[in-house]
Participant: 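Quick one: the structure is below, questions incoming.
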There are 2 protein chains.
Amino acid sequence: MTSLKRIEREPLWDLAHAQLRDALLAGRFAPGTVLTLRSLAETFGTSITPVRDAVTRLVAQGVLQQGPRNAAIVPHLTRSELADLTIVRCALEGRAAREAASRPQAASLERLHALLAKMQSLIAARSLESYLEHHRKFHFEIYAMSGVPILVETIENMWLRCGPVLSFVIPEYVVLLKGWDHHTAALKAIVAGDGAAAEREIVADITEAAQYLSGLADAGGQLRRPMPETAAG
Amino acid sequence: MTSLKRIEREPLWDLAHAQLRDALLAGRFAPGTVLTLRSLAETFGTSITPVRDAVTRLVAQGVLQQGPRNAAIVPHLTRSELADLTIVRCALEGRAAREAASRPQAASLERLHALLAKMQSLIAARSLESYLEHHRKFHFEIYAMSGVPILVETIENMWLRCGPVLSFVIPEYVVLLKGWDHHTAALKAIVAGDGAAAEREIVADITEAAQYLSGLADAGGQLRRPMPETAAG
DNA sequence: TTTTGTTGTTTGTTATAACAAACATATTCA
DNA sequence: TGAATATGTTTGTTATAACAAACAACAAAA
């Protein structure tokens with residue numbers, strides 16, 4: 001009887017929250033989309049009550065904006081907001097990397113090397129979706145090594161806010177190749193116990209990616225998806 | 001007709017959230033207190049629906065912990081968690097102070113000087129509650145000057161998490177006098193446009209306060225209110 | 001043609017009832 | 001007396017209905 005798993009029924013609003021969160025993080029919602037409670041409830045097959053809880057939670061986390069009429073909308077990310085997010089991310093993730101370098105752990109370092117190898121092969125295979133997934137794991141493996149849960153939690157929040165823009169990166173290969181250097185350098189610095197270098201590399205990684213994204217902004221400072229090459233001129 | 005003000009009715013859950021938030025920030029809830037929806041609804045004179053929204057939001061912000069049975073409880077702050085919070089606060093608030101020094105604004109600087117003077121007089125008058133209020137305004141006037149809203153928002157979140165412990169400080173005078181130096185020094189650095197010095201002073205202010213608070217922890221790492229002098233031995 | 005008023009729909013807000021899990025208390029049986 | 005069971009209470013969860021504000025579409029009047 002020991003093979004039976006513990007029965008735990010997660011609340012509906014928790015499931016709804018998880019689904020919305022993943023969708024946002026993967027950039028599956030276009031910025032500016034208004035999420036209505038009743039339509040979400042219909043797609044989930046529940047009443048609006050659990051959906052309301054999930055949306056309330058996401059708004060509280062700053063992942064969803066509340067527009068007029070308290071409607072929850074997928075936020076547009078202006079160039080200015082991206083710059084602000086970059087500042088916060090550099091402060092938090094740089095500090096996390098520095099802390100990680102002062103607390104190196106064998107198991108984590110091993111996972112990081114494996115992730116790095118996998119990322120290189122995924123770049124070669126041009127499978128970007130999977131790359132981004134491992135890229136995320138690589139960063140957070142470092143941050144987790146810092147041993148400061150609140151730090152990791154706050155960083156996660158910032159990544160969620162970047163979610164809607166992440167899909168912009170997917171069809172691009174340039175950023176990945178540029179960021180590659182910083183990843184290996186950061187890991188090397190952590191192994192060497194050089195906190196300052198680790199912080200420098202992570203900050204450079206974030207800054208360069210943001211600088212690239214900022215180039216995609218139009219005159220109004222609004223970030224837009226790059227047009228696919230097949231689009232008519 | 002120009003004297004008429006805009007009519008705006010704020011939702012009940014927003015009012016409930018504001019009240020709970022203020023109470024938490026002022027440390028009016030003892031750590032470990034379980035907040036039940038129905039009791040809160042009764043004190044607010046509403047149904048449990050708006051209260052539920054407010055509590056959900058606070059839990060999402062990390063201000064309230066969710067205990068077993070998804071109950072919302074005012075979190076205990078262990079010494080370890082206080083140390084973690086200090087790391088995050090130093091990274092964020094230090095950065096904000098540095099940014100503020102690079103974007104000095106006359107109006108804000110004037111308000112800061114006024115706040116500093118008021119704080120000194122409040123210390124002399126031994127009115128601690130009012131001092132803490134102005135102390136808060138002083139810090140956030142600096143952070144707002146950074147011009148990075150997301151940074152300010154995140155810092156606010158960290159202060160909310162420290163809320164339950166804040167009341168521990170109220171009966172103490174030592175911390176205030178110790179921290180006073182750093183406040184004037186930080187403001188002087190900002191006026192001089194010395195970002196590095198401003199960051200250093202703010203970090204020192206946070207660190208010293210945390211170090212003092214950490215001394216109040218018992219063997220289990222649990223922070224406790226200092227016993228009033230009239231307590232029996 | 002433009003503006004104004006009306007109507008119907010959409011949508012977030014709030015209250016309420018039913019529900020289930022957990023806990024505390026009382027009761028019963030050995 | 002002590003353990004097991006039964007019962008009642010508390011509490012978060014969910015669905016549903018009523019409500020009001022906002023928006024859109026259409027009709028009527030200048």
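Note on naming: letters A, B, ... go to the chains in the order of the sequence lines (proteins, then strands), and numbering restarts at 1 for each one. Just so it is clear, the values below take in all heavy atoms, side chains as well, and ignore hydrogens, waters and symmetry mates.
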Participant: Would you please name every residue forming a side chain to side chain contact (heavy atoms under 4.5 Å, CB included) with B:S39, sequence neighbours left out?
Facilitator: B:T36
Participant: Hey, could you give me each pair passing salt bridge (charged side-chain N to carboxylate O under 4.0 Å, His left out) that has a residue in residues 135-148 of chain B? Not counting sequence neighbours.
Facilitator: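 Qualifying pairs, neighbours excluded: B:R111-B:E141.
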Participant: Output a table of nitrogen or oxygen pairs between the protein and nucleotides 9-16 of chain D separated by less than 3.5 Å.
Facilitator:
{"residue": "D:dT11", "atom": "O2", "partner": "B:R69", "partner atom": "NH2", "Å": "3.1"}
{"residue": "D:dG12", "atom": "OP2", "partner": "B:L37", "partner atom": "N", "Å": "3.1"}
{"residue": "D:dG12", "atom": "N7", "partner": "B:R38", "partner atom": "NH1", "Å": "2.8"}
{"residue": "D:dG12", "atom": "O6", "partner": "B:R38", "partner atom": "NH2", "Å": "3.0"}
{"residue": "D:dT13", "atom": "OP1", "partner": "A:W13", "partner atom": "NE1", "Å": "3.4"}
{"residue": "D:dT13", "atom": "OP1", "partner": "B:N70", "partner atom": "ND2", "Å": "2.6"}
{"residue": "D:dT13", "atom": "OP2", "partner": "B:R52", "partner atom": "NH1", "Å": "2.6"}
{"residue": "D:dT13", "atom": "OP2", "partner": "B:R52", "partner atom": "NH2", "Å": "3.1"}
{"residue": "D:dT14", "atom": "OP1", "partner": "A:L12", "partner atom": "N", "Å": "2.3"}
{"residue": "D:dA15", "atom": "OP2", "partner": "A:S47", "partner atom": "N", "Å": "2.9"}
{"residue": "D:dA15", "atom": "OP2", "partner": "A:S47", "partner atom": "OG", "Å": "2.6"}
{"residue": "D:dA15", "atom": "O5'", "partner": "A:S47", "partner atom": "OG", "Å": "3.4"}
{"residue": "D:dA15", "atom": "N7", "partner": "A:T49", "partner atom": "OG1", "Å": "2.7"}

Participant: The criterion is ring-ring contact (aromatic ring centres under 6.0 Å, His included); which residues satisfy it with A:F138, sequence neighbours excluded?
Facilitator: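 A:F138: ring-ring contact (aromatic ring centres under 6.0 Å, His included) contacts with A:H183.
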Participant: Pairs under 3.5 angstrom only: tabulate donor-acceptor contacts from the side chains of residues 11-23 of chain A to other protein residues two or more places apart or in another chain.
Facilitator:
none

Participant: Taking salt bridge (charged side-chain N to carboxylate O under 4.0 Å, His left out) as the cut-off, I'd like each qualifying pair that reaches into residues 44-62 of chain A, sequence neighbours left out, listed once.
Facilitator: A:R52-B:D53, A:D53-B:R52
